[in-house]
There are 2 protein chains.
Amino acid sequence: MGSLNDLVIDFRSGQPIYLQIVEQIRQKVASGELKPGDQLPTVRQLAAELRVNFNTVARAYRLLDEAGLISTQHGRGTYIWETPSPETLQTIRQQGLESLTRRYLAQAAQLGCTAEEVAKVINPMLERWRESGELPKPEPQEF
Amino acid sequence: MGSLNDLVIDFRSGQPIYLQIVEQIRQKVASGELKPGDQLPTVRQLAAELRVNFNTVARAYRLLDEAGLISTQHGRGTYIWETPSPETLQTIRQQGLESLTRRYLAQAAQLGCTAEEVAKVINPMLERWRESGELPKPEPQEF
DNA sequence: TGTATTTTTGTATCTTTGTATCATTGTATC
DNA sequence: GATACAATGATACAAAGATACAAAAATACA
């Protein structure tokens, strides 16, 4: 498990607990004490160590996740974010948006979709993205 | 065994793993890449490939089974059951397209692209596809 | 062949993990 | 004091994993 045995919470400092957790994990990542792929303690483990509600730890983890520092995975655990290897980063940069787009259209075509169908699906999403800055989240589907 | 060597799981997407499996198998059936009678990998094989618990694969298979797309047989294996009716095929295509599109936009966003940039790239390609029926060849991609 | 045993396959159940929602508490502001 | 809001806690839930099991197939052996 992640080496977070030395986290210290000051309950009287006036600074929220979840921010104290966030700050200290950030420092450990910055200093290299925590490396990509390292697993952090579960929200319940860390909460028990710190004598704190696990939702408070979950809140800290959520912030760090949104900041891209860690990756929390439902049912699996929480990990320091794995930076893509330099090669794949380079590949992505080189291939870029056009390549990504070609592949997307090819996959859509293989599904048997027409250009019209693709346009009808992607245009609203693009519009929404442009206006709200939000990407559509996958909705749960049922059968 | 079934050709599921190219299934890709994104552990950070927020979409449950079992749904990612379901979605990609549905797409392969809809596109004809998987045909009735084809045997799928066993739950343990696929789980090992994807680095996932086999119960997660079993859950995906169960959903597909309940949807009538595959037939899982205790002690024997799992097989594609039938090509869905045209209506369900259409539904699958639609959902698959939406799923593909979300992934595409997410990847574009990760590249740092804006909605405008994406539109500027994809619209000409769509236009050309609509008019000439041709779409640019994607170069092979791995990751 | 026929049968026993082992292996391979999917299933059932429970535990562990993170998430969502609401309730409680403290604090600031009026 | 009253109200609003932020921080924390309580509870219920969902996703994923661990373990033990059952059914079918494969194998060994007489």
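Computed from a predicted model, the values in this text were never measured in an experiment. Chain A is the first sequence line, chain B the second, and so forth, proteins listed ahead of strands; every chain is numbered from 1. Side chains are part of it too, since the values below use all heavy atoms of this structure and drop only hydrogens, waters and symmetry mates.
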Output all residues satisfying side chain to side chain donor-acceptor pair (under 3.5 Å) with A:N53, sequence neighbours left out; order by chain, then residue number. A:N55
Under a 3.5 Å distance rule, please check whether A:Q110 uses its side chain to pair with a backbone N or O of B:S31 as donor and acceptor. no
Could you check which residues of residues 47-58 of chain A get a heavy atom under 4.0 Å from DNA chain D? Sort them by number, please. A:V52, A:N53, A:F54, A:N55, A:T56
Please examine the side chains of B:L7 and B:K28, heavy atoms only from C-beta on, and report whether any two atoms are closer than 4.5 Å. yes
Let me confirm one number: the CD-CD distance from B:E98 to B:Q95, rounded to the nearest 0.5 Å. 7.0 Å
Output all residues satisfying side chain to side chain donor-acceptor pair (under 3.5 Å) with A:Y104, sequence neighbours left out; order by chain, then residue number. B:T101
Show, in sequence, the C-alpha distance, side-chain angles and deciding distance for B:L4 and B:L34, and conclude whether the side-chain contact (heavy atoms from CB on, under 4.5 Å) test is met. CA-CA 9 Å; B:L4 262 48; B:L34 287 174; 3.7 Å; yes
Scan for salt bridge (charged side-chain N to carboxylate O under 4.0 Å, His left out) pairs involving residues 66-75 of chain A, sequence neighbours excluded, and state none if there are none. A:R62-A:E66
Between residues 60-77 of chain A and DNA chain C, which residues have a heavy-atom gap below 4.0 Å? A:T72, A:Q73, A:H74, A:G75, A:G77
Let me see the working for A:L40 and A:L64 under side-chain contact (heavy atoms from CB on, under 4.5 Å), right down to the final yes or no. CA-CA 12 Å; A:L40 297 172; A:L64 289 164; 5.7 Å; no
Are B:R103 and B:Q15 close enough that some pair of their side-chain heavy atoms sits under 4.5 Å apart? no
Sequence neighbours excluded, which residues qualify as side chain to side chain contact (heavy atoms under 4.5 Å, CB included) partners of B:W129? A:L105, A:A109, A:A115, A:V118, B:L126, B:L135
Compute the bend angle of the helix from C:dT1-D:dA30 to C:dC30-D:dG1 from the end axes (five pairs per end), rounded to 10°. 10°
Any B:I122 side-chain heavy atom under 4.5 Å of A:L100 side chain: no
May I have all residue pairs that pass ring pair (Phe, Tyr, Trp, His ring centres under 6.0 Å) and include part of residues 9-38 of chain A, sequence neighbours excluded? none
A:T78 vs C:dG18: side-chain N/O to OP1/OP2 distance below 4.0 Å: yes
Would you name the heavy atoms of B:Q20 and B:I9 that are closest together and state the gap between them? OE1-CA, 3.5 Å
Does anything in residues 8-21 of chain A reach DNA chain D, meaning a heavy atom under 4.0 Å, and if so which residues? A:P16, A:I17, A:Y18
Please list all pairs passing the salt bridge (charged side-chain N to carboxylate O under 4.0 Å, His left out) test where one or both residues lie in residues 71-87 of chain B, with sequence neighbours left out. none
DNA chain D: 5'-most and 3'-most nucleotides touching chain B, 4.0 angstrom heavy-atom criterion: D:dA15 to D:dA25
Is there any ring pair (Phe, Tyr, Trp, His ring centres under 6.0 Å) pair reaching into residues 20-59 of chain B, and which pairs are they, with sequence neighbours excluded? none
